[in-house]
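Working notes, structure below.
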There are 2 protein chains.
Amino acid sequence: MTDPQTPAQTVDPEEQAFLAAYDPGVFPRPSVATDVVVLTVREGRLVVALYQRAEHPHRGRWALPGGFVRMDEALSTAARRLLRDKVGVQGVFLEQLYTFGDPGRDPRMRIITVAYLALVPPARLQVEKGALAAVEVDWAGEAGGPARAIGPDGAALPIAFDHADILGLAVQRLRGKLRYSPVAYAMLPPRFTLRALQSVHEAILGEALSKPAFRRRLLATGELRATGELESDVDHRPAELYEHAPQEEDAS
Amino acid sequence: MTDPQTPAQTVDPEEQAFLAAYDPGVFPRPSVATDVVVLTVREGRLVVALYQRAEHPHRGRWALPGGFVRMDEALSTAARRLLRDKVGVQGVFLEQLYTFGDPGRDPRMRIITVAYLALVPPARLQVEKGALAAVEVDWAGEAGGPARAIGPDGAALPIAFDHADILGLAVQRLRGKLRYSPVAYAMLPPRFTLRALQSVHEAILGEALSKPAFRRRLLATGELRATGELESDVDHRPAELYEHAPQEEDAS
DNA sequence: AAAATAGTGTCTATGAGACACTATAGT
DNA sequence: ACTATAGTGTCTCATAGACACTATTTT
C-alpha cells in the first residue's frame, strides 16, 4: 500500500511514534499523577479520606490524596507511597481503579491521573490533616455516576477537580467486586462479628440485607472461621467473633 | 506535628508536588501511550488483531496496535484514533481496560500505557498489515494471567513487551462483563441467530454452555427481539434471526 | 427418507428472601 | 422478668442444568 521509498516526511503514524520514542523532544509529554480513594466503614456508613486544598486551583475544595508518579517507581508503588506519606496507612488492600486523562481536568496543565482504590479497617484510618467524609451516591445498584461527600457537620463538601467522578467510580467498582470477591474483610479488623460484616456489605451496597440469607451465603463460602470467642462491651447478647480464612487457590 | 514556619527546603511531599506542578522542569515526565486490544470471534474462537514490529526493540515480535497520546486529546480519543488509523474500524465498543506503567516495561524509556478494549463484529475486522491471532489462556474462569496468541499456521506468536499480560487481562475482564453486561452483541452483526450468540459466549468463557438454559436466560433479559426472518445458506433447518434491543435505562 | 440442527417441555437441584421462631447476654 | 440482639428452621420462589423430545429445512 505505502511506498517503502517514502522519505522522512511520511505521515505514517507508526513511524511518527517510532521517531518520537527516540527523541523525547518531538512530542510534549503530560504529567502523570496518582490519586487514591481511601475508603472505610464507620457507623454503618462508607467514608473517604479527603484533604482541603491550601493552594489554587480549587483552593478550599476537598481533594483525594494524590501526587506525581516518579520516573523510577511503578504506579502501584507511587500509590502506596502516597498512602503512607499522606494518609499514614500501610499494608492495606490497594487496587488500580481507572485512569482519568481528559485535557482540561486540571486547569494548570495536562495531568493524567491513575486512580487507585484503598480499603482500610476503620481503626487504622486516623486522618490528621484531612477529614473523613461520608460518601453518598444518587444512584442505586451499579448504575454509576458521581458521588457526594458529607462532612462531619452534615453539609456536603465541595470537591476539587473531577474527584467526585473518581469517588463515584470507586463506589461502583466496590459494589461490583462485593458480589464475587472477599473485599469486605479488608475493611474490618482481624476479628469481627457477622453483624459487622453485614454492616460493611450494607454500607457498600447502600441497602439493607436479609440476615438469614446473608449469614447462609457468607458462611457457605468457607472463608469464615469461627473463633469461639464472643464480643464484649455490648449491653445485649454478645455475638461470636469470626476471622477471615482465605481460600487456597490451587493452581497446580 | 510539622513546624509551619519551615522554609522552602521542606520535604513535605504535598509541597513538592505543588511546586512541580508549576515548573514542568522539576520532574521528568514519562511518555503516555495507549494500546488497544481489538477482539472479535471467528469460527468459535476469540481472535485479536496483532502487528509485527518492524523496528527494535522487540523487532519481529507481535504487538497490539498502539501509539502515543497527544497533548490535546482525551485518552479514549487517542484509542479511537489508533483504532481508525491502524486497524481501520470505527464506531465500535471501546472501554478502558487498565494502565500498565512498570518502569522497564519498554527498554527505551518510561512509557505508561493506558490499555483499551475494543469489541468488533467479525465482518468489520479486516486486518491488512497485521494478523488475526487466536487467543488462548491457561486458566479457567476468572483466575487471570497472560494469554497466548496462535497464528494462522497454528504456532504461537512471540508477543512484544507486556502485551501478553494486557491480552490476558482483556480476556479476564470480558469474562467478567459477560455475566451482567450485554457485551456479546458488540461482537455480532446486527442480525444473528441464537446459536451465534451462544457461540460468542462460549468463545469468551472458554467452555460449552447448555442450549436450553442459555436460550431461556438470554430471552428472559428482554434485550432480544425476534425478527421473524430466517438465516439462509445453511444445509439444515435455518434458525431465526434476532436483533439486540437494548433496555431503556429509566433514570427519572 | 436421511441428516442435521432448531427449538421446547419437564424434572431436579440450588440459592435467596420472607417470616417466625428460639437462645442468651445485660439490666 | 424484661429487653435487645444473636442465631436458626422452614417455606416458597426464581433460576439453571440435564435430558429427552419434537419441528423443520436441505439433500
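Letters go in sequence order (proteins before strands), and every chain restarts at 1.
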Any donor and acceptor pair, going by atom type alone, linking the side chain of Thr113(B) with main-chain N or O of Ala115(B) inside 3.5 Å?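 Side chain of Thr113(B) to backbone of Ala115(B): no pair is present.
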Heavy-atom donor-acceptor pair, Glu240(A) side chain to Gly228(A) backbone, under 3.5 Å: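 A pair under 3.5 Å: yes.
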B/S/- contact track for nucleotides 10-19 of chain D, protein heavy atom under 4.0 Å: B-----SBSB
First encountered from the 5' end of DNA chain C, between Leu219(B) and Lys211(A):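 Of the two residues, Leu219(B) wins.
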Starting at [atom1] of [X] and ending at [atom2] of [N], how long is that distance when rounded to a whole Å?
X         : N      : atom1 : atom2 : answer
Arg215(A) : dT8(D) : CZ    : C1'   : 9 Å
Arg195(A) : dA4(D) : CZ    : P     : 16 Å
Asp233(B) : dT5(C) : CG    : P     : 16 Å
Leu224(A) : dA6(D) : CG    : P     : 15 Å
Gln198(B) : dA6(C) : CD    : P     : 9 Å
Phe192(B) : dA6(C) : CZ    : C1'   : 16 Å
Leu218(A) : dG7(D) : CG    : C1'   : 15 Å

According to the interplanar angle, ranging from 0 to 90°, do the rings of Tyr98(A) and Phe100(A) count as parallel (below 30°), tilted (30 to 60°) or perpendicular (above 60°)?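 Tyr98(A) vs Phe100(A) ring planes: perpendicular.
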Do the rings of Tyr185(A) and His244(A) sit parallel, tilted or perpendicular, given the 30° and 60° boundaries?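 Geometry flag for His244(A) against Tyr185(A): parallel rings.
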Show me the protein contacts with nucleotides 23-27 of chain D, counting only N or O atoms at under 3.5 Å.
unit_1, atom_1, unit_2, atom_2, d
dA23(D), N3, Arg237(B), NH1, 2.6
dT24(D), O4', Arg237(B), NE, 3.3
dT25(D), O2, Arg237(B), N, 3.3

Take Val36(B) and Val87(B) through the test side-chain contact (heavy atoms from CB on, under 4.5 Å) and record every step on the way to the result. CA-CA 10 Å; Val36(B) 187; Val87(B) 190; over 6 Å; no
Yes or no on side-chain contact (heavy atoms from CB on, under 4.5 Å) for Leu119(A) and Thr40(A), after CA distance, side-chain angles and deciding distance? CA-CA 6 Å; Leu119(A) 303 180; Thr40(A) 191; over 6 Å; no
Within 45° cone and under 6.0 Å: Arg179(B) NZ/CZ vs Tyr180(A) ring: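 Yes, a cation-pi geometry.
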Atom CD of Glu207(A): over 12 foreign heavy atoms under 6.0 Å: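 It does: Glu207(A) CD has more than 12 such atoms within range.
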So that I can tick it off, tell me whether Glu142(B) and Arg173(B) are bridged by a salt bridge, with the cut-off set at under 4.0 angstrom between side-chain N and carboxylate O.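 Glu142(B) and Arg173(B): not salt-bridged.
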